[in-house]
Amino acid sequence: MSKNGRLRILAVAATASLTLAGCAQGGNEEPAEGGAATNDSAAAAPDAPTDAVLPAGDGTGECEDGVSIAYIGTIAGQNAALGVAILNGVRLAVEEHNEANAGCQVTLKEFDTEGSPDRASGVVTQAINDDSILGVVGLPFSGESDAAGQSFHEAGLVTISPSATDPALSQNGWDTFFRGLGNDAQQGPAAATFIGEDLGAESVCVVNDDSSYGIGLAREVREALGDAVVCTEEVKTNQREFSAVVGTIEASGPDAVFYAGYYTEAAPFAQQLFARGLQTTLVAPDGVRDDQFVQNAVGAAEGVYLTCPCVPADGFGDFFDAFTELAGTEPSTYSAEGYDATTVLLRALDEGLSTREEVLEYVRDYDAPGLTKHFKWDEDGELTDTPVWVYQVEDGEIVRDREIG
Amino acid sequence: MTTTSGSTPEMRHHLDDPGTDQPGGLVGEVARMSAEERAEHEAEVADVVAPDRDIEVEVGETLLEMRDVTLSFGGLVALDSVSFSIRRGEILGLIGPNGAGKTTCFNAMTGVYRPSSGDVLLEGRPLGRLKKSQITRRGIARTFQNIRLFGEMTALENVVVGTDARHRTGVLGALLRLPRHHREEREGVERAMALLEFVGIADRAADKAKNLPYGYQRRLEIARALATEPKLLCLDEPAAGFNPAEKEELMGLIREIRDDGYTVLLIDHDMKLVMGVTDRLVVLEFGKKIADGRPAEVREDPSVIAAYLGVPDDDVA
Amino acid sequence: MIGNLPTVLAQGGVDWISFDIGRLVDQFWYNTVNGLAYGSIYSLVAVGYTLVYGVLKLINFAHSEVFIVGAFGAYFTFQFLGYESGGIAQAPLVETIVNLILALAVAMICSGLVALTLERVAYRPLRRKKAPRLVFLITAVGASFAIQQAIMLWRNPNPELAIQLIAPRPLFEVFGVSVTNIQLTVFLAALVLLLIADSFINRTRLGRGIRAVAQDPDTATLMGVNKERVIMLTFIIGGLLAGAAALFYIMQIPQGVVYNGGFLLGIKAFTAAVLGGIGNLRGALLGGFLLGVFENYGQSLLGGQWRDVVAFVVLIVILMFRPTGILGESLGKARV
Amino acid sequence: MSAHHFRSGTATKVPFGQRIRDWWNGLSRFHQWAIIIPVVVLVYLMPFLNFFPITTEPGTDFELALFNTARIVLIAIGLNVVVGQAGLLDLGYVGFFAIGAYVAALMTSRDSALYAEYPWLLVVVVGIAVTMVSGVIIGTPTLRLRGDYLAIVTLGFGEIVRLLADNIPALRGNVGFRNLERPPGEWSDGTRIFTQGDGIPWYWLTVTAIIAVLILVGNLERSRVGRAWVAIREDEDAAEIMGVPTFRFKVWAFVIGAAIGGLSGVLYAGQLGFVNNARFDVVTSVLFLAAVILGGSGNKVGVILGAIVIAYTPERFQVVSEYRYLIFGLALIVLMIFRPQGLLGARQRLLARGRQAYKRLVGKPEPVSTESPMKDSGKGTGA
């Protein structure tokens, strides 16, 4: 293996510490002893709240014909795996809803932004010009959300993002923006605390890509880490050769590296980082938390920690099974968040609401638990209940480690 | 008095027929004119072609001077301290065996090559480091050994490009169609049309240059060069590929050009043509000048005979 | 208002570009080692540009796609041999080497075939028609585009999942910089291939034909050199080397198997060819290594984000001030 | 005007395009206007012809599709000056488009440090001016090169423009500028005329810009400037020797092309309301080039048609949209092999005064020469 001593110890310890059943059901394992670097234990996955509002509702939804909601986000473009994981959650929600509510058949319209901000503007215009769309799940990435937010605001079309984490998004005065998860002002400091306290790292290199998301998250992490930051580097979207960045990191010899970006670049970065035998621990955020990262980093992903304001879905029995059946894969990053966000919009339609204004109003006053957390937004569109988890790659699987914020 | 006057009056159509290289062909209305009208028309044409023709030209005053011009490429000396001068109003022939440096000499005059040492002076002023286009505007125009027309442009436009060398409309003037643009366009087109008629190819003015027969293309090059209103017209083997009859006509044309007040420098392999039309000859061999004088004198010069020994008069295909 | 402009520029001046000479010095050997390993790929690809340019005076813009098809060829060979993405294969050394050679052969054949097809389909008809050179370039751009898009539609816009046969491992240190097994393999293999190509061109009859056509096509034809065959040969040699480069590339960067993965690399290889003197095989070799190294020095000096800018600036500066490159143009004069 | 005017006595078949042209040339000025004006009116009314065979809905919003098509047409006209007229193969044209877009972003987005409430027209003027200056900056060093080398160097410059946008923090890289200001004006009910969602005003604005540009570029083409460009395209050395200051006119071609690209960039940025570094890559440059080559480099009508094919087809036929780059790539190859002059070849007519002079002398109207294959402007290699 290409791993250095320290990582291997981490990995071995963590492997030993967890009873690994590929897709642990029920999720009430015994908290086991942690490894060399930390003494924490892998936390149990939460169960679905018993009072969680589900897409099916009570089956009495009534609405006009032809109403629709939209998923707008990457489907086939950059970092498509992240988008598809969400989209499948959305599809599942709409399917379950339409099955249960004969009186309200909602159409799901899917728009591909290819994950790029410049593409998003045009696509969003298309969606806005489609009058049948009363609510939007999306956009998944911070950059595209940033680019398109004003248009939604002007059109009065409500959006619930299942994954965009840039804190600045809610500070633009867009009254149509709602975030279905914690932002990087929570993830960043949580990750920093994890790196500093749980991993005990005293020196950290922070690397970010050139997206809004990467830049914003790296800033949060750097601020929270303070003096522990020994080097900062920037990489580019689609970059594949990282020898200079790796050289700088090697020269600084940090205990840990935090990579703020998406998995497309993170995979070759991780591979090249460890290729020369560098001894450090890599921590990456939600944008990297995908099986594609693990596969593409060819072995270098092993032992990498992944922070994410997403809740492990393995405890949500029914959802887990239904999703696996529909998508052919297990729920991944933000699948459950996408499902929850869709639920909120479907509830609004079930009420018979038929204008964008009414749906917007409904979402603003929404106050009910979902699978992942309780959904009630403040005036900025931020949730109050925002869990952050850390996961780790073990034996090629992304496994929940503990809740960190 | 255009060369067209002698040719058949039949209508020429726009059939590409490279076989008929016969120059001339008076067309349309001109053909139907009475003798009087025709003379008047031709006088008009001549006026436009050579506006200065009535000015008394002092033949003998030096127009262009090559002063110790040396040109070498790497180690190869193409011109070795060549000096001669061209006098206003004459037809000077530049001859020499293949590789003697005739075209190089041309290129040195027109700024294609810069002399390694020595000067080229036009009206007493050295050309120095002027750009090719600036030299043209100072008054030297040329044709090319291997015809280089703007193939996709019509014959007329080719000539108008030449007249543009004297125009001063800038991009802004053209963009906004300022009065100068209109005036220059009108003058340019009229002059170009007159020049085409002068060289005898006006009937093909609207054809693309590349579609013209070979003989027409040669004439078009001359018209284009004349359009720049040169003081000195340099013709680089203008008769290459011509049959004797065509050469005869060309000689007539060259004389006419001279009579209209232009000074002509002529390169050709064809001794008969050169001897027949030039007032004076300069002979080059291996980059050196070996003779300079009237054709009759040069013909007798032993070094010239030696240089040309075994070289037939018309060795050019 | 515009009043902000000076502030913005001044702030920008401090901010967006800075020269970190300390880092350049610190990482000098690190960059040299990495630059040589990566530059050997540039060298191999550059040969294709150089040979075709030497013989046809044509920039084969689609050569980058010749390269990327080779990468896909190697990748699917890995798959065919039963390697899976994600992990690092644990096959015995001998088996791994045999498989790598197999992949090398497939990659070279794939690239060679694409290069040959390109010549036949896109360039030969134009040559027959004696088309102007600009037309060749537009065709080349079109071909490059079409191949890229065909691959994208066939696969998808995202990179193939990485497969790695050999795990990178530091072998030894030079000047305090560790050299990995992959870097050493790639560097040596590329060097060997380039030497073979060089001696082929200089020593064999066919190679002399290439040189003769490059120097003076008309005379060469008169002397009995079959020009069409020489042209075919140059495309094949260029293609084969690009295929080899493709395998070496995905050994270093397994995530690089993606439809547009050749574009930037192709431009850089072309820059390398121009840098060394286009039309000159040894120039391509030298240019590739130099560009690989310069690029790394540049990014150490200015920061990682300037890497590609460095390459483009090198290209422009060379074309403008010394268009014949370091070793001068012309394949014919390449014999030293 | 009957057939005997152009091919006397021969039975050669007259191509359809040729017949159209001859018919057109035979019309009087008055009749030509009588046709042009209704066509222009029809073009302006396009947004209301939103029905079956023409419409792009439900796939794409029809008005926006029209705007995008018009935008590409404008770009193609600009690039045609450089490639078609002057014969300079520019693979970095997207750089000028990008500069125009960035000027608009820097001046009208609140994300920019230079933001202020500029009149929108000023943004257009500044955008054009800045791209023209950058045209000079990029053109002066590069235009000494010819042919292939010029193409590669312009490609390099185009990429550098994009990478600078990436690397200079003030240009915000991938993050980009949001909420660009739009042209002023309100409908009678108080809503803004120019919004992101409504393509009609944008389309009208662009069509107006196209007409203005066509007139101005046409003026240039029918002047000594246009002649100089064609002469340079045909034989640069001969042009120089005939007294054409070739370098100056090449830079001018570059600058005028740049100005039009910049104008298009400003319009694009305004409609989209967002600018980042993503859409300014070589792929886009090649797409623009495809528009010019496809229609017929050097022929304005052809270039407009080419741009419409490039921009409208993928919006109209969603099936095509996925395959468009592939199709255009293949089309470039096939076209160069079988019809290097493009769908419509460049046509060459005598100048207006030349026609009169010719008619006076020869006694019949001029025949029109057609079919211009791309000419080689790359005989020499280096500088």
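Worth knowing before you read on, the calculation uses all heavy atoms, side chains too, and leaves out hydrogens, waters and symmetry mates. Convention: sequence-line order gives letters A, B, ...; per-chain numbering from 1.
Taking a 6.0 Å sphere around CZ of B:Arg114, one finds it holds more than 12 heavy atoms contributed by other residues, nucleotides or ligands.
Taking CG of B:Leu175 as the reference point, atom CG of D:Leu216 lies at 4.5 Å (rounded to 0.5 Å). Note that the CE atom of D:Met242 and the CZ atom of B:Phe150 stand 6.5 Å from one another [nearest 0.5 Å]. Distance OG/D:Ser223 to NE2/B:His167: 11.5 Å, rounded to 0.5 Å. Interatomic distance, B:Leu178 CG to D:Asn219 CG, rounded to the nearest 0.5 Å: 10.0 Å.
Chain B forms the most heavy-atom pairs under 4.5 Å with one residue out of D:Val225, D:Thr246, D:Ile215, and that residue is D:Val225. For the set B:Ala174, B:Ala209, B:Gly111, the entry with the most heavy-atom pairs within less than 4.5 Å of chain D is B:Ala174. Annotation: maximal heavy-atom pairing with chain D below 4.5 Å, among B:Thr169, B:Thr228, B:Val171, B:Leu176, occurs at B:Val171.
Salt bridge B:Glu185/D:Arg227: present, at least one basic N to carboxylate O contact under 4.0 Å.
Partners of D:Phe247 by ring pair (Phe, Tyr, Trp, His ring centres under 6.0 Å), not counting sequence neighbours: none found. Scanning for salt bridge (charged side-chain N to carboxylate O under 4.0 Å, His left out) contacts around B:Glu221 gives B:Arg224, with sequence neighbours left out.
The only member of B:Asp164, B:Val160, B:Val161 that meets side-chain contact (heavy atoms from CB on, under 4.5 Å) when paired with D:Arg224 is B:Asp164.
Using a 4.5 Å heavy-atom cut-off against chain D, the contacting residues of residues 138-147 of chain B are B:Arg142, B:Phe144. Interface with chain D: from residues 130-137 of chain B, residues B:Lys131, B:Lys132, B:Ser133, B:Thr136, B:Arg137 qualify, criterion being any non-hydrogen pair under 4.5 Å.
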Derivation of the side chain to side chain contact (heavy atoms under 4.5 Å, CB included) call for B:Met153 and D:Arg233: CA-CA 11 Å; B:Met153 291 174 120; D:Arg233 186 184 78 199; over 6 Å; no
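Interface remark: D:Ala239 contributes backbone and side-chain atoms alike to the contact with chain B (heavy atom separation under 4.5 Å).
With a 4.5 Å cut-off on side-chain heavy atoms, B:His181 and D:Arg222 do not count as touching. Between B:Val112 and D:Ile241 there is a side-chain heavy-atom pair separated by less than 4.5 Å.
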